[in-house]
Structures are given as C-alpha cells and as structure tokens.
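In this text, all values refer to a predicted model and were calculated from it rather than measured experimentally. Naming convention: chains lettered A, B, ... in sequence-line order (proteins, then strands); numbering from 1 in each chain.
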Amino acid sequence: MRFTITRQNLHQGLNAVSASLPSKTTLPVLSNILLETTADGVRISGTDLDVAVRIRVAVDVVEQGSLTAPGKKLQEITRELPEGPVEVSTRGEQIELRCGRSHFKLNGLPAADFPTLPDIPFDRGWTASGSNLLALIRHTAFAVSTEESRPVLNGVLWELRDREMRMVATNGHRLAKMTIPAGPSQETTTQLIVPPAALQHVQRLFNESDTVQVARGGNHLGFSAGGTEVYTRLIDGTYPNYEQVIPKDNDRFAVVERKGFESAVRRVAAVASEQTHRIRMKFEDGRVEFNVLTPDLGEAHDELEVSYTGEPLVIGFNANYLLEVLRYVGTQEVRLGFKAPERAATLEPVSGDGEAKRDYLCLVMPLRLVD
Amino acid sequence: MTLHPLEGHEDARAAVLRAFLAGHLPSVLLLHGPTGVGKQRFALWIGQLLLCEQLQPSGPCGGCHACILALRVEHPDLHWYFPVPRPPARGSPERDQEALEEVRSERLAQRRETPLRPSYSDEVQGLHFATIRNLRREASRRPGMGPRRLFLVADAEALVAQESAQEAANALLKVLEEPPTDTWFVLTASEPGRLLPTVRSRASPLYLPPLPVTRVREFLRREWSGAGEAEIEKAAELSGGAIGRALGFLKDGEDEGPLERTRQEAFFLLRAALDPEAAGRFSRALEFDPFGARSLHEILTLLETWMRDLAAVAAGAETPILNVGAREWLSRTAGERDLHALPLARAVQVVEAARERAAGNVNPQLIVAHLLLELNDALVNRTGRVLAASQSEVS
C-alpha cells in the first residue's frame with residue numbers, strides 16, 4: 001500500500017476514528033485502525049466492537065493495499081508532524097510514514113485480523129437532517145439508564161413511525177421523549193435500541209447541515225454523511241411500553257419561568273439530603289413554595305410566583321432529576337403537569353415568540369414525602 | 001498462536017453438529033467430564049461451528065475468516081470467561097468490573113500465546129459477580145461480527161465460591177433463563193454437582209468421557225515435541241485419559257510439571273499420615289499457607305490416587321497402578337505397616353471430608369492437620385480393629 005495525503009487530512013481522519021478505539025481490550029487488533037485503499041482514496045476504520053467509525057479520505061493512491069496499525073500512536077505522531085504531504089506506505093506488517101525529514105515505522109497487524117465491519121445497505125435506508133437527528137439525541141440521550149440490571153434501558157429507543165421519528169430514553173425515574181416529523185411513510189413502527197455511545201459519535205462527527213443516511217443491516221445500525229460512517233451494534237430486547245407511564249389525565253398545571261425555577265430548585269437543593277436530593281414543593285394559586293428539611297444539615301424555604309391552575313398540591317422530587325430535565329427543555333417557559341403527589345409529573349416546553357415548537361416531553365417520578 | 005486440533009470426542013462432536021444443522025442445538029449446554037479432558041477446547045469448537053462462514057458437512061471449514069479468528073480466540077463473537085484471581089477492590093462496582101476485565105484480558109492473552117496448558121492452578125480463582133455483570137452487559141448487545149455468538153463459561157463451578165455466595169450464579173441464571181437471540185452459552189464443569197440446581201436445570205448436559213490413554217500418548221507425541229518417551233509414557237498413565245492433566249505431569253523447562261510437584265506433595269502427605277509421631281504430622285500441616293484452601297483441591301485428588309494405589313497393592317490386586325514408578329515403595333509400606341485395602345478405601349471418606357472443608361474455605365493448616373490425624377487414626381492406630389470389624393461385616 002502506498003499513498004500520499006496531507007497532514008491535516010490524515011490527522012482529521014485519525015482523530016475521527018481514534019475516538020472509537022477502546023482504551024482496554026481483550027482483542028489486540030482493536031487497538032489498531034484499519035487503513036485500506038479504494039479506487040478513489042483511502043478508508044480509515046476503528047472499532048471497539050460496539051461502535052465502529054469509518055472515514056473516507058480522497059488521496060492519490062500509488063499502490064493498493066491494506067494494513068492495521070496502532071491508532072493512538074499514529075494519532076500522536078501526525079498531531080506533531082509539520083504541515084505538508086505525508087507519504088504512507090507499508091512493508092510487510094510495518095507501516096511507514098514520511099513527512100519532510102520525519103520518518104516513522106510502526107508494527108501493524110494484517111488487515112485480515114481486523115473484525116469485518118457490517119455491510120449496511122444505505123441505499124435501502126432513510127435520511128434524516130443533521131439538525132433533527134442531533135436535536136433528538138441531545139434532548140433524550142441524557143436520560144439513558146446506567147444501571148445494568150435492565151440492559152434495554154441502557155439504550156435510546158429510536159422509533160421510526162409514519163412520517164415521524166421519535167427517541168425515548170429513561171432510567172425508570174425520569175423519561176425524555178421527543179418526536180420530529182421526518183422519515184418515510186410507513187405502516188408499521190420500527191423500534192431500534194441504540195447505545196448512547198454510538199449517538200455520542202454521531203453528535204461528534206455529523207453537523208446540523210448534514211443529510212445523514214441511516215440504515216439497518218442485520219444486528220447493526222449505520223449512519224453515513226459526507227464520507228463519514230458510524231456503525232453501532234443494537235441492543236437486544238424489547239423496550240418497555242413507555243406510553244403506559246406517560247400520564248394522560250393530569251389536571252393540575254403550572255407554567256414556570258425556566259431559569260428562575262431552575263435557580264430556586266438548585267438553591268434549596270443545596271440543603272437537601274445527599275442521598276435522596278429530596279425537595280418538597282407546594283403548588284397553589286399563583287405561587288410555588290419550596291421546602292427542604294434535612295435534620296443534620298438545616299432547612300430551606302423559598303417561593304416563586306407561577307401561573308398554576310388546579311387544586312393545591314404538595315409533591316416531592318429528586319432535585320437532580322428535575323434539574324437535569326429542565327436543562328434540556330430549552331424554552332424560556334416550562335409547563336409542569338400533575339395529577340397527584342404519588343403520580344408522575346410531566347414537563348413540556350412552552351414555545352414563546354421566536355422559539356421553535358417541539359414535540360418534547362419529560363417525565364419525572366415524584367418522591368414520597370414522609371412528613 | 002492457533003488452537004491445537006480438538007482431540008477425540010467424535011461422538012459428542014457428531015451429536016452437536018447434527019443438532020446444529022437441524023436447528024436444534026440447545027442454547028445452553030453444560031459440558032461435563034473429568035478435569036483436563038478438553039471441555040473448553042470442545043466449547044471453542046462449538047463456537048467455531050456457530051461462526052464458520054463456509055460450514056462443511058463434517059463441521060467448521062477451518063479456513064474462512066471467522067474460523068481463522070475463532071482458532072486464534074480472536075473472534076469478536078466468541079466470548080471466553082474463566083475463573084480468575086480477584087484483583088484488589090477499586091472502590092466502586094464499575095471499577096471492580098473494569099479491574100476484572102483487565103485480568104481476564106491478560107489471562108486471555110496468555111491463553112492465546114500458549115493454548116496448550118496444564119489443567120491446573122494453585123491460585124484461588126473465581127467467576128465473580130462483577131465478571132458475570134460484564135458478561136451480561138456484553139450479552140445485551142447483538143453479535144458484533146457474525147450472525148451468531150457463543151459465551152463460554154469455563155469451570156462454572158467457580159460461580160459458587162461457597163454456599164453463602166451465590167450472587168454470580170444467580171446473575172448468570174437471569175441471562176440463561178432468557179438467552180438473547182442467536183446466542184449460545186456453553187458451561188463447562190468437572191463437578192457439575194457443585195452448580196446451582198437452578199443453573200443446571202437450564203442447561204442441556206453433554207458428557208465428555210476420558211480419552212483412551214493411547215490417544216493421550218499419541219497427542220503428546222504429536223503436539224509436545226520437547227518431552228522424552230518415558231516422560232510421555234508416565235504422563236499419559238497418570239492423566240486418567242485427560243490431556244490437560246497429562247500436560248501437568250510433563251516437565252516445565254527444567255522444573256517438574258505442576259501436577260508432578262503436587263503428586264509428590266500428596267505423596268509426602270500420605271507418608272506424614274502414616275507417621276506414628278504427631279509432631280511430624282503437625283509440622284507437615286504447618287507447611288501450608290493459612291489461607292487459600294481451595295488450592296488444596298488438586299493435592300487431595302492426587303492423595304486419593306496414592307491411597308487407591310496403596311489399597312490395590314495391599315489387596316494384591318492385579319490391576320495396574322497409576323503411580324507406576326512407586327510400586328516398590330507401595331509394596332514395602334503396605335507390608336511394613338500392615339495396611340489393608342478396606343480401611344484404605346474407607347479412609348477416602350476422610351479425604352472427601354477435607355475436600356468439603358476446603359470448598360468452604362477453612363484454614364488449610366487446620367484442614368491438613370485434621371486430615372492427617374484422621375488418616376493416621378484410620379490407617380495406623382486402629383488398622384487391626386477396623387479390619388477385624390470389616391471382615392465380620394463382610395462375612
């Protein structure tokens with residue numbers, strides 16, 4: 001294999017791919033990246049078996065070939081190379097880099113040792129605008145569970161419905177759901193459970209202006225735009241019926257100014273128990289009262305003016321879950337919906353002037369108040 | 001390095017191949033049989049069978065990309081879990097999981113480097129809860145490269161370190177109860193009785209019998225070029241039809257093989273048991289570490305072979321003995337000490353009781369001191385009385 005590439009292109013390609021390499025692995029070849037020449041350039045691939053990233057770079061190929069080489073080392077070298085063309089060649093299982101007066105030889109492994117990346121039929125997939133895809137990820141992936149007792153909750157549920165896409169994530173205590181009109185017309189709903197690590201790569205590698213091709217091939221899902229491809233293994237299993245837990249009969253509503261509300265929650269949470277982070281809120285006509293009492297620490301009281309309709313309500317929450325959700329709602333005003341102190345509360349954005357309307361809903365389970 | 005060819009077990013291979021081709025291969029298999037008989041190698045062969053891209057009527061092709069990776073234990077869908085020593089705690093379950101994965105990774109690299117290794121370890125090892133959490137995390141993903149995948153849980157007895165510690169076994173049980181699609185689990189055990197009944201009931205058992213000693217001998221001649229004929233002969237005889245055990249009796253460079261060293265230790269233990277002086281027995285017990293009782297397992301097994309040989313010689317039986325080079329000592333000892341077969345056979349129960357205590361992680365010095373005391377009682381002090389009683393029972 002022999003080709004010449006600019007330092008910048010090589011460095012960008014390696015940066016994109018190296019992030020997918022595992023820090024520790026039981027398979028030595030996974031510490032390497034795969035370099036393969038094609039008719040019009042070179043493909044650089046890396047994987048930790050959960051996620052794979054492949055970049056295509058247009059270069060002048062002198063001699064076809066392929067080899068795997070230590071990804072992090074190549075990245076460290078190219079980061080410090082002077083600007084200029086880099087000649088990459090292989091000799092046996094060694095890769096050589098020449099740039100000006102710099103010359104490096106690194107031991108590699110045969111390309112055949114590298115896991116076969118999935119064959120994704122992008123021509124039979126669907127497209128999503130980068131802005132939609134990134135918005136969906138940004139607004140839901142934070143809610144994924146990190147507990148390993150229910151593996152399906154360790155992923156984001158991506159539903160492809162008739163002319164709309166929806167992402168849902170939950171850890172059983174709070175849930176985020178967002179729907180965006182997009183995708184092909186289809187009769188049945190396709191459900192994919194995608195690991196959040198893959199979605200982080202999508203966020204990192206694709207731009208809002210990209211048109212992203214998405215397709216499923218066997219056990220994998222692939223994303224592709226502008227010569228960059230991300231593949232991920234899907235999580236096995238059936239996602240719980242989240243619709244069941246979203247309350248439909250909430251009859252008490254509060255509209256709050258997000259920043260002020262967030263700030264008040266954060267203030268009183270400073271005095272909350274470090275185990276439960278529990279805060280108590282009392283909603284009544286025109287105001288909300290915050291109360292925290294932690295016997296060995298102290299107590300907090302705060303009040304805010306809010307617009308509230310319905311019977312007065314006293315409800316407890318884990319302040320962290322509430323703050324996390326408020327951070328992603330995005331709009332200036334947020335609408336909170338309640339039914340009863342022991343029932344799930346909903347948070348939805350209230351679109352003001354100049355704010356995009358979003359079909360976004362978060363749900364937070366309340367905490368029982370003993371006092 | 002590539003795995004050595006699977007030796008023997010042709011009937012079991014044919015049964016598994018037939019079941020797989022018919023689409024009936026159970027998703028959880030329990031391979032059981034003597035230690036070192038090739039259960040893990042057989043499980044890896046099943047893995048190759050599941051992953052092969054050009055399956056032949058006779059089994060995996062051995063030449064496709066998947067087969068090459070499987071034979072090097074580098075296929076991403078072939079997951080091999082085995083007991084490892086517990087690394088120092090790192091302060092959180094996640095970091096403990098990481099630490100165990102690092103140990104597994106190191107050991108896996110060693111296994112790849114030297115796939116032919118004795119079935120022996122004097123380390124205290126286990127299949128820990130955090131290891132099974134790693135396995136479950138991996139199992140929740142779909143296969144990485146091929147259409148199917150295999151999880152090999154070797155020496156699955158180690159899931160239950162002791163009766164009070166069943167978390168790992170129960171964690172595995174959860175995934176065995178509802179195996180993910182396109183996923184097979186193979187558990188191996190030389191003592192399947194030590195598995196939780198709930199785990200055993202989820203698995204279809206497949207027994208791998210010992211190989212004929214001639215096959216062990218042929219295998220050693222073919223695959224272990226460094227050993228002399230006499231050494232191979234002795235190792236094959238002592239192996240009990242298990243290649244893994246035979247390897248333990250072969251020299252490790254200049255040193256004796258680990259099983260040969262243990263066999264000699266077992267011999268000294270028997271000699272100490274016959275020592276009329278209690279002081280000698282206690283000093284022998286104190287040579288053991290006061291911790292790590294589970295490493296006594298092997299020495300007790302080999303002590304039983306010595307007792308079995310001594311009983312055979314004492315009875316004047318024509319059957320071959322396992323410790324072939326020791327016939328003269330066995331005959332002399334049986335004669336001088338007036339040892340008889342029946343008390344010797346009964347004394348095996350004492351060794352079994354010691355094994356139980358070792359499994360319960362009792363202090364090894366206490367186990368050995370008690371074992372030697374009881375053996376001495378059974379064989380030396382009361383030999384005449386026991387024999388007389390036994391004869392009256394028989395008549």
Side-chain angles (χ1 to χ4, degrees), chain A residues 20 22-32 34 45-52 66 68 109-120 144-155 192-198 216-222 231-239, chain B residues 51 53 63-69 72-82 84 92-94 97-113 129-130 132-149 171 174-175 178-183:
Chain A
S20 68
S23 51
K24 287 160 193 144
T25 172
T26 55
L27 290 179
V29 76
L30 297 186
S31 307
N32 286 12
L34 173 66
S45 316
T47 182
D48 64 356
L49 294 177
D50 279 339
V51 183
S66 58
T68 76
L109 288 167
D113 290 5
F114 202 76
T116 314
L117 296 191
D119 192 13
I120 304 283
V144 163
S145 166
T146 51
E147 286 277 314
E148 289 177 7
S149 50
R150 294 183 72 188
V152 286
L153 298 188
N154 297 147
L192 307 159
I193 307 175
V194 191
R216 184 179 177 171
N219 296 321
H220 293 80
L221 188 70
Y231 306 96
T232 177
R233 266 202 286 177
L234 291 166
I235 294 177
D236 209 15
T238 310
Y239 206 81
Chain B
L51 299 167
E53 291 158 359
C64 67
H65 188 210
C67 276
I68 290 169
L69 291 181
R72 283 168 26 191
V73 200
E74 286 181 2
H75 197 292
D77 294 319
L78 188 53
H79 305 276
W80 191 0
Y81 291 83
F82 40 80
V84 293
S92 74
E94 290 73 27
Q97 267 175 261
E98 247 175 50
L100 274 166
E101 200 56 9
E102 282 168 27
V103 177
R104 188 173 78 91
S105 178
E106 283 164 22
R107 299 288 168 116
L108 205 49
Q110 288 169 8
R111 286 175 179 225
R112 285 188 190 115
E113 198 58 38
F129 178 54
I132 302 304
R133 285 179 58 154
N134 280 328
L135 180 154
R136 281 175 51 179
R137 183 189 165 278
E138 183 58 45
S140 70
R141 303 275 197 268
R142 290 172 187 257
M145 193 174 117
R148 288 173 284 271
R149 66 186 161 166
K174 273 194 191 301
V175 69
E178 288 179 52
T181 44
D182 305 322
T183 303

Min side-chain heavy-atom separation B/Asn134-B/Glu138 under 4.5 Å: no
Non-hydrogen atoms of chain B under 4.5 Å away: do they reach the side chain of A/Asp113, the backbone, both or neither? both
May I ask you to name which of B/Lys174, B/Arg107, B/Arg104, B/His65 has the most heavy-atom pairs under 4.5 Å with chain A? B/His65
Do the side chain of A/Ser20 and the main chain of A/Ala52 share a donor and acceptor less than 3.5 angstrom apart? no
With a 4.0 Å cut-off on N to O distance, would you call B/Arg148 and B/Asp182 a salt bridge? no
Looking only at heavy atoms, what is the nearest atom pair of B/Gly63 and B/Cys67, with distance? N-CB, 3.9 Å
Go through the atoms of B/Glu106 and report whether side chain, backbone, both or neither lie under 4.5 Å from a heavy atom of chain A. neither
Does the side chain of A/Ser145 come within less than 4.5 Å of A/Arg150's, by heavy atoms? no
What part of B/Arg141 gets within 4.5 angstrom of chain A, counting heavy atoms only: side chain, backbone, both, or neither? both
Would you check, one step at a time, whether the test side chain to side chain contact (heavy atoms under 4.5 Å, CB included) holds for A/Ile193 with A/Leu234? CA-CA 6 Å; A/Ile193 307 175; A/Leu234 291 166; 5.9 Å; no
A/Thr232 portion near chain B, given a 4.5 angstrom heavy-atom threshold: neither
Selection from B/Arg112, B/Glu101, B/Glu94, B/His75 maximising heavy-atom pairs under 4.5 Å formed with chain A: B/Arg112
If we define contacts as heavy-atom pairs under 4.5 Å, which of B/Pro143, B/Pro180, B/Pro147 has the most with chain A? B/Pro143
Measure distances from B/Thr181 to the heavy atoms of chain A and classify the residue's part below 4.5 Å as side chain, backbone, both or neither. both
Pair A/Asp50, A/Arg233 - check salt bridge (Lys or Arg N to Asp or Glu O under 4.0 Å), show working. CA-CA 5 Å; A/Asp50 279 339; A/Arg233 266 202 286 177; 2.8 Å; yes
Under 4.5 Å from any heavy atom of chain B, what part of A/Pro118 do you find: side chain, backbone, both or neither? neither
Quick one: of A/Thr47, A/Asn154, A/Asn219, who has the most non-hydrogen atom pairs under 4.5 Å with chain B? A/Asn219
Counterpart residues, side chain to side chain contact (heavy atoms under 4.5 Å, CB included), relative to A/Ala197 (two or more places apart): A/Val51
Between B/Glu74 and chain A, with a heavy-atom cut-off of 4.5 Å, which part of the residue counts as in contact: side chain, backbone, both or neither? both
